[in-house]
Amino acid sequence: MQKNYVFAMATFFVWTFLLLLATAVIFINGDSRPNVLFLIIDDFRPALGSYGEQVITPNMDQLAAQSIRFTDAHAQQALCAPSRISFLTSRRPDSTRLWDFMSSYWRDAAGNFTTLPQHFKENGYYTVSLGKVFHRGRCSNFTDDYPLSWSIPAFRPTTKRETKKNKLCPGPDGNLYSYTMCPVNVTKMPKGTLPDIEITESAISVLRSLSRTKRKVKGKGRHKVMPSTDGHPTPHTPFFIAVGYHKPHLPFRYPEKYKDLYPIETIEMAKNPYFTTNLPPVAWEHWKDVRKGEDIPLSAQGVDYYQPMPDKYHLLMRQAYFAATSYIDHEVGRVLSTLEEEGLAGDTIIVLLGDHGWQLGEHQEWSKYSNFVSATRVPLIFHVPGLTDKTQRHHHHKFPLMDPFYRTRTNRPDLETPSVNYSGESRYTSSTGRYPGFVSNSLVELVDVFPTVAELASLPVPPLCPVDASGVALCTEGVSLVPLIHHITDTPSKVKVTNWKNATFSQYPRPSLFPSHKTNTPSQDRIAYMGYSMRTKKYRYTEWLSFNNSNFNVSWGDPLARELYIYSQDPLEDVNVADMSENVQIVRELSYQLGLNWRHALPVFNEDTTTVSTPTEWYVK
Ligand SMILES: *[C@@H]1O[C@H](CO)[C@@H](O)[C@H](O)[C@H]1NC(C)=O
Ligand SMILES: *[C@@H]1O[C@H](CO)[C@@H](O)[C@H](O)[C@H]1NC(C)=O
Ligand SMILES: *[C@@H]1O[C@H](CO)[C@@H](O)[C@H](O)[C@H]1NC(C)=O
Ligand SMILES: *[C@@H]1O[C@H](CO)[C@@H](O)[C@H](O)[C@H]1NC(C)=O
Ligand SMILES: *[C@@H]1O[C@H](CO)[C@@H](O)[C@H](O)[C@H]1NC(C)=O
Ligand SMILES: *[C@@H]1O[C@H](CO)[C@@H](O)[C@H](O)[C@H]1NC(C)=O
């Protein structure tokens with residue numbers, strides 16, 4: 001075990017050098033480092049056509065077609081603030097010491113850890129935050145971590161935040177309500193806009209202005225990377241722009257036309273809309289925030305925490321989440337088409353991810369707040385010009401704005417445009433397959449994103465964190481995915497992978513062993529239990545352990561509840577079989593692995609270029 005770990009550390013340094021060379025080749029036409037466009041979508045499960053869900057997302061699918069997409073990627077905690085602080089520092093919640101929204105700022109509570117944008121900024125990039133990148137408030141020092149992470153103060157939309165007091169959704173009687181499902185006429189909204197539209201507009205204006213700056217010297221020969229000075233980019237400053245969208249987070253407030261894409265009779269129920277068998281009560285999340293909507297016929301106060309969502313609302317909720325997703329797809333499309341129009345698409349790496357998943361009725365759950373795969377699994381897409389788009393032929397444009405209503409209007413299913421039929425299916429009719437693009441279903445985690453983006457941009461790759469890394473500013477508790485990306489895109493690479501990670505790790509805190517008022521988002525001083533969950537290709541195994549919220553001690557070895565799902569017989573995690581006598585041995589083994597934790601599930605690298613073994617779960621579409 002220890003040997004693998006030391007070896008993995010050593011290979012990181014080899015990579016930094018070798019892949020610096022390899023990725024440098026990709027940008028042969030550029031005179032500088034690539035830009036980065038980093039797209040974060042809130043509460044976004046892999047609800048994309050290209051991930052096999054019945055959602056109409058032609059713009060994100062078009063990006064996926066020229067990218068590599070990871071289909072088994074997981075957040076470290078299914079809650080916005082801890083997940084974002086985790087992937088932006090590349091450390092797990094136990095290391096950032098943030099498991100709630102606001103109890104601490106990691107630089108004060110855990111260590112002065114370098115963030116992903118900060119790393120780019122310190123390496124001469126102009127870094128910009130638009131929308132929800134960090135979670136706002138104390139966890140990012142009330143400044144979105146400006147100035148350490150960003151060259152200029154973060155942009156936040158000016159229109160009112162959605163709170164219980166903010167009634168913005170028109171009801172049948174013409175009055176305004178605080179609804180969970182909220183299609184709106186945008187012109188009637190405050191300032192005639194929506195927060196995510198404001199974010200798109202800020203992104204478009206930043207891209208246009210950077211493009212103007214860059215054009216000032218076009219054709220004047222090669223130049224070195226120039227750092228931004230006094231917060232202002234020079235014509236040779238590469239950028240790192242993070243754009244964080246709020247939807248499809250609750251409430252589902254979106255431009256009403258997107259509802260037309262999803263007639264209610266075409267919406268299907270979740271595949272497993274029933275309670276999990278033998279689920280320990282501590283694992284249950286009772287989606288109280290959904291119950292608060294004035295349109296949901298369930299009481300949020302004094303509730304029966306296991307009251308199921310009526311079928312009618314089950315379908316309406318799915319319709320609203322999908323419509324809000326198609327809205328965000330359009331906003332993403334506007335940013336990507338601007339990137340191309342401004343001549344920046346050829347040397348900009350694009351990353352798209354969700355901060356965690358969202359349960360749309362699976363297990364009768366309607367939120368995140370748990371360790372179910374439906375809550376931790378996220379879309380994760382990397383677009384690297386010259387590398388992930390090499391099999392795609394572009395006629396004229398890389399990222400033309402795609403219209404989700406196209407087929408409805410033209411009725412021309414033969415056109416090479418995502419065509420929509422009313423079962424909610426969207427389809428590419430091109431000869432390259434229904435959803436082209438590179439695909440990896442290897443197990444990966446959001447902590448892997450930071451080292452991956454650093455390596456793709458030829459920046460120093462953070463080394464693996466030592467066990468006590470509180471004093472180490474730059475290190476990772478993940479691993480760069482570049483060897484996988486090279487493997488799958490058939491790119492020559494000196495470092496080979498013989499086995500990728502064999503497990504991903506997520507966790508969720510609880511204040512009590514039974515559902516209660518504060519179960520879903522306990523503040524740090526109320527956390528009494530932590531559910532540590534490990535997913536392998538065969539199992540998900542979880543232990544619920546006592547957690548001391550003053551010294552963060554965990555009572556390993558003394559689980560109060562366990563969960564085991566065996567995917568060969570139960571792919572959707574419907575039956576907890578941890579307490580069945582025939583599983584005693586496998587529970588013992590998984591418990592041992594879980595105790596060893598993520599360091600002992602790391603990939604195994606091999607510098608001998610002659611032998612490459614390909615784990616069977618890898619495939620390329
Ligand atoms: C944290 O790190 C930044 C960047 O290296 C440095 O400027 C700052 O002084 C550090 N803060 C503390 C409290 O050490
Ligand atoms: C956090 O905010 C406080 C108060 O505005 C400020 O004094 C402090 O320097 C900030 N910390 C960092 C690391 O930026
Ligand atoms: C939206 O509201 C504006 C302003 O009241 C109105 O002119 C327009 O017709 C409305 N659109 C729809 C589709 O109802
Ligand atoms: C938690 O840790 C604190 C500080 O070490 C200790 O005083 C307290 O007794 C612990 N609580 C429990 C329940 O073990
Ligand atoms: C942590 O908890 C374990 C098990 O409950 C206990 O044996 C150990 O002494 C505790 N350590 C600290 C530092 O409190
Ligand atoms: C995961 O891989 C490590 C080596 O990296 C190995 O020691 C461990 O047994 C594997 N665990 C499982 C569950 O396969």
Side-chain angles (χ1 to χ4, degrees), residues 40-46 70 72-101 103-104 106 109-111 113 115-116 133-135 139-140 283 285 351 353-359 368-380 442-453 462 464-465 469 475-481 501-510 520-522 524 527 529-536 540-545 547 552 554 593-594 596-603:
I40 304 169
I41 304 178
D42 211 1
D43 280 17
F44 189 39
R45 70 195 248 143
F70 288 89
D72 209 345
H74 296 270
Q76 274 47 75
Q77 188 183 324
L79 186 65
C80 303
S83 175
R84 286 163 191 255
I85 300 297
S86 168
F87 69 74
L88 290 166
T89 60
S90 198
R91 306 190 197 213
R92 294 164 198 268
D94 285 358
S95 301
T96 62
R97 297 202 171 157
L98 186 76
W99 305 275
D100 66 8
F101 289 122
S103 288
S104 64
W106 78 93
F113 306 150
T115 68
L116 171 62
V133 178
F134 283 96
H135 197 277
C139 67
S140 55
E285 64 93 353
V351 184
L353 53 81
D355 60 350
H356 48 70
W358 217 80
Q359 301 167 106
K368 48 241 186 175
Y369 311 140
S370 84
N371 286 317
F372 280 115
V373 160
S374 41
T376 63
R377 189 167 163 256
V378 292
L380 177 60
S442 292
L443 289 165
V444 302
E445 302 174 281
L446 287 185
V447 283
D448 300 332
V449 169
F450 183 163
T452 305
V453 186
L464 195 64
C465 291
C475 68
T476 177
E477 293 183 347
V479 67
S480 168
L481 303 175
K501 275 184 189 186
N502 56 20
T504 61
F505 296 83
S506 303
Q507 62 189 95
Y508 210 87
R510 298 275 186 234
N520 292 338
T521 55
Q524 186 181 303
I527 297 172
Y529 306 97
M530 190 68 78
Y532 287 95
S533 196
M534 175 176 81
R535 170 172 159 91
T536 72
R540 189 165 66 80
Y541 177 70
T542 306
E543 290 189 353
W544 292 91
L545 301 159
F547 179 90
F552 315 119
V554 176
Q593 297 279 344
L594 179 68
L596 292 175
N597 226 271
W598 60 270
R599 281 178 198 279
H600 297 273
L602 287 173

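When reading the values below, keep in mind they use all heavy atoms of this one structure, side chains included, and skip hydrogens, waters and symmetry mates. Position 1 is the first residue of the sequence, and the numbers go up from there. What you see is a predicted model, and the numbers here were worked out from it, not measured in a lab.
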| said: With a 4.5 Å cut-off on side-chain heavy atoms, are Leu353 and Phe44 touching? | reply: no
| said: Apply side-chain contact (heavy atoms from CB on, under 4.5 Å) to residues Leu380 and Leu481 and explain how you reach the verdict. | reply: CA-CA 11 Å; Leu380 177 60; Leu481 303 175; 4.2 Å; yes
| task | Mark yes or no for whether Ser90, through its side chain, and Val447, through its backbone, hold a donor-acceptor pair below 3.5 Å. | result | yes
| said: Between Arg84 (side chain only) and Val133 (backbone N and O only), is there a donor and an acceptor less than 3.5 Å apart? | reply: yes
| Rounded distance (nearest 0.5 Å) linking atom CD1 of Ile527 with atom OG of Ser103 | 7.0 Å
| query | Are Leu545 and Tyr532 close enough that some pair of their side-chain heavy atoms sits under 4.5 Å apart? | reply | yes
| query | Rounded to the nearest 0.5 Å, how far does CG of Asn520 lie from CG of Leu79? | reply | 9.5 Å
| query | Is the closest side-chain heavy-atom distance between Pro462 and Phe450 below 4.5 Å? | reply | yes
| message | Can you tell me how far apart CG (Asp43) and NZ (Lys368) are? Round to the nearest 0.5 Å. | response | 3.5 Å
| Closest heavy-atom pair and its distance - Leu98, Gln77 | O-OE1, 4.1 Å
| said: Test your reading of the model: is there a side-chain donor-acceptor pair from Gln76 to the backbone of Ser506, 3.5 Å cut-off? | reply: no
| With distance as the sole test, does Ser140 use its side chain to make a donor-acceptor pair with the main-chain N or O of His135 at under 3.5 Å? | yes
| Worked verdict on Glu543 versus Met534 for side-chain contact (heavy atoms from CB on, under 4.5 Å) | CA-CA 9 Å; Glu543 290 189 353; Met534 175 176 81; over 6 Å; no
| Which atom pair, heavy atoms only, marks the closest approach of Val378 to His356? | CG1-CA, 3.3 Å
| query | Is the closest side-chain heavy-atom distance between Gln593 and Tyr541 below 4.5 Å? | reply | no
| query | Are side-chain heavy atoms of Thr521 and Tyr369 found at a separation under 4.5 Å? | reply | yes
| Do you know the tightest heavy-atom contact between Val479 and Pro603? | CG1-CG, 4.0 Å
| How close do Pro522 and Pro509 get, heavy atom to heavy atom, and via which atoms? | CG-O, 3.8 Å
| request: Would you check if the side chain of Arg92 reaches a backbone N or O of Glu477 as a donor-acceptor pair within less than 3.5 Å? | output: yes
| said: Whether the side chain of Asp100 engages the backbone of Gln524 through a donor-acceptor N/O pair (distance < 3.5 Å, no angle test) should be reported. | reply: yes
| task | With side-chain contact (heavy atoms from CB on, under 4.5 Å) as the test, would you mind laying out the steps for Leu116 and Phe87 before giving the verdict? | result | CA-CA 8 Å; Leu116 171 62; Phe87 69 74; 5.9 Å; no
| Donor-acceptor pair, side chain of Asp355 and main chain of Asp42, under 3.5 angstrom | no
| request: Determine whether Phe134 and Ile85 make a side-chain contact, defined as any pair of heavy atoms from C-beta on separated by less than 4.5 Å. | output: yes
| said: Are the side chains of Val444 and Lys501 in contact, using a 4.5 Å heavy-atom criterion? | reply: no
| said: Phe372: which residues meet the ring pair (Phe, Tyr, Trp, His ring centres under 6.0 Å) condition with it, sequence neighbours left out? | reply: His363
| message | Check whether Thr376 reaches the backbone of His74 with its side chain - one donor and one acceptor, N or O, closer than 3.5 Å. | response | no
| field | Distance (rounded to the nearest 0.5 Å) between Asn502 CG and His600 NE2 | value | 11.5 Å
| Non-hydrogen atoms of Ser370 and Ala78 that approach each other most closely | O-CB, 3.6 Å
| Is the closest side-chain heavy-atom distance between Thr115 and Trp106 below 4.5 Å? | yes
| task | Please say whether the positively charged group of Arg91, taken as NZ for Lys or CZ for Arg, lies over the ring of Phe113, i.e. under 6.0 angstrom from the six-membered ring centre and within 45 degrees of the axis. | result | yes
| request: Kindly say whether Phe505 contributes a backbone atom to a donor-acceptor pair with the side chain of Glu445 at under 3.5 angstrom? | output: yes
| message | Ignoring hydrogens, what is the shortest heavy-atom contact between Asn371 and Tyr508? Give both atom names and the distance. | response | OD1-N, 3.5 Å
| remark: So CG of Leu464 and SG of Cys475: to nearest 0.5 Å the spacing works out to 7.5 Å
| task | Give a yes or no answer on whether the side chain of Arg45 reaches the backbone of Ser374 with a donor-acceptor pair at less than 3.5 Å. | result | no
